[in-house]
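Computed from heavy atoms alone, side chains included, the values below leave out hydrogens, waters and symmetry copies.
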Amino acid sequence: MDIKPLKREKLKKKETIFTVIEKTTLNVDDTFLIQLSPNKKMTFASGDLLAIYPENEPVKRLYSIGKIGSNIVLSIKKHDLGKCSNYLNQLNTNAMVNATIEHNSNFHFPKHSKEVIMIANGTGIAPFLGMIQENKKQVKTHLFWGGRTQASFGLYSDLVDNVFTNKTLTSIHVAYSQAYEQKVYVQDLLLEQQQLISKALQNGSTVMLCGSVAMQSAVLDVLEQITETQLNLPLSTFKNQDLIKMDCY
């Protein structure tokens, strides 16, 4: 039987050229940050997605955007067989990238929330780095992040230190799964701060998740436990109010 090659997906709009402004070297987890500047004026927000087609590939790769000023910051883990992650990692400053932005309004920083709880692991921190930078109204914002070691977090420390200086981040809670004999994951931090979580949800605040599907599953289990024990309500009560926003992969 003849197998037809996959057709390149049609983009909703024409690709834009982006210029590489800055790129870090790989850290201990084979992860790097890359900043891109669009070559023309564009409207986008942290939480939107950057769609890239690797060369000769019919399927697009999507990366969650952090907006820093007018630029895009992506956090990317390089995989040995990952065509797009290897392509981006090989780029140098001033290189050009063809891509398009897909708006993802369901995962933007909430406009009317009194408080925001951000939960991420690994590269899922990217959109939150941008959201925190743009938190000009200084809404109470708490970041929970899980990684492997302290060196893993080093990739993001400068950006996080900056937002503390600007008072756009209220607190940060970091879990390391490989740093100590006892493994600690981001969901463990939530249990330690369940009073904070439950009070925030009770007051109509928003919880946002970005990262791996495995993390999402574990975190939702813990959030369910917190809402049931602290508030005598199922987590679905808050999902139905659109107070739980997720972008996991």
Side-chain angles (χ1 to χ4, degrees), residues 45-47 64-68 73 75 106-148 150 152-177 179 184-212 215-231 233 235 237-239 241-248:
S46 296
S64 192
I65 290 171
K67 184 181 180 186
I68 307 290
V73 62
S75 179
N106 289 331
F107 201 71
H108 288 173
F109 190 85
K111 292 182 178 179
H112 306 294
S113 189
K114 297 179 181 178
E115 201 165 0
V116 179
I117 310 291
M118 299 175 171
I119 305 168
N121 70 330
T123 59
I125 195 174
F128 296 148
L129 293 174
M131 291 178 192
I132 294 166
Q133 293 274 351
E134 296 180 292
N135 182 20
K136 306 303 182 184
K137 294 183 179 180
Q138 298 181 343
V139 176
K140 283 187 178 180
T141 303
H142 310 274
L143 175 63
F144 291 79
W145 182 79
R148 290 169 55 84
Q150 291 179 335
S152 304
F153 186 71
L155 191 62
Y156 315 109
S157 57
D158 286 347
L159 289 170
V160 172
D161 289 344
N162 181 54
V163 295
F164 270 119
T165 302
N166 296 333
K167 298 181 179 180
T168 57
L169 180 63
T170 307
S171 69
I172 185 169
H173 311 266
V174 180
Y176 299 121
S177 62
V184 182
Y185 297 96
V186 69
Q187 60 266 26
D188 299 319
L189 300 179
L190 299 178
L191 282 174
E192 292 176 3
Q193 299 292 329
Q194 54 186 301
Q195 294 294 330
L196 169 67
I197 304 295
S198 58
K199 185 177 179 181
L201 284 171
Q202 191 174 37
N203 291 335
S205 300
T206 305
V207 174
M208 305 182 75
L209 281 71
C210 188
S212 69
M215 180 277 295
Q216 177 188 38
S217 178
V219 164
L220 288 178
D221 286 344
V222 167
L223 290 177
E224 182 83 58
Q225 180 181 336
I226 290 172
T227 59
E228 288 185 344
T229 58
Q230 299 294 320
L231 303 174
L233 290 170
L235 186 61
T237 300
F238 305 97
K239 286 182 178 179
Q241 296 175 38
D242 198 29
L243 297 179
I244 311 293
K245 296 180 178 294
M246 296 178 284
D247 184 16
C248 296

Could you tabulate the donor-acceptor pairs under 3.5 Å formed by side-chain atoms of residues 157-164, not counting sequence neighbours?
residue: S157; atom: OG; partner: G154; partner atom: O; Å: 3.1
residue: N162; atom: ND2; partner: Q133; partner atom: OE1; Å: 3.3

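Taking the six-membered ring where the residue is Trp, the centroids of F128 and W145 are separated by 6.0 Å or more.
Checked options L209, N106, V207, V219; the residue passing with M246 is L209 (criterion: side chain to side chain contact (heavy atoms under 4.5 Å, CB included)).
Here the shortest heavy-atom pairing between A175 and V184 reads CB-O, 3.6 Å.
At least one side-chain heavy atom of F144 sits under 4.5 Å from a side-chain heavy atom of Q193. Looking only at side-chain heavy atoms (C-beta outward), Y156 and L129 come within less than 4.5 Å of each other. Between I172 and V174 there is a side-chain heavy-atom pair separated by less than 4.5 Å. Taking the side chain as every heavy atom from C-beta outward, T206 and I117 never approach each other to under 4.5 Å.
Formation of a donor-acceptor pair under 3.5 Å by the Q187 side chain with backbone atoms of V222 is not found in this model. A donor-acceptor pair under 3.5 Å links the side-chain atoms of N121 to the main chain of S212, judged by distance alone. Looking at S205, its side chain never comes within 3.5 Å of a backbone N or O of L201 through a donor-acceptor pair. A donor-acceptor contact shorter than 3.5 Å links the side chain of T227 to the backbone of L223. Formation of a donor-acceptor pair under 3.5 Å by the D188 side chain with backbone atoms of Y185 is found in this model.
Q194 is linked by a side chain to side chain donor-acceptor pair (under 3.5 Å) to Q230, counting only residues two or more places apart in sequence or in another chain. Applying the side-chain contact (heavy atoms from CB on, under 4.5 Å) criterion to N135, with sequence neighbours excluded, gives F109, V139, T141, T168. Considering only residues two or more places apart in sequence or on other chains, T170 meets the side-chain contact (heavy atoms from CB on, under 4.5 Å) condition with K140, H142. For K67, the side-chain contact (heavy atoms from CB on, under 4.5 Å) test picks out F44, S46, E134, with sequence neighbours left out. Partners of V73 by side-chain contact (heavy atoms from CB on, under 4.5 Å), not counting sequence neighbours, listed by chain and number: L33, Q35, I68.
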Could you go step by step and tell me if I119 and M215 meet the side-chain contact (heavy atoms from CB on, under 4.5 Å) rule? CA-CA 9 Å; I119 305 168; M215 180 277 295; 4.3 Å; yes
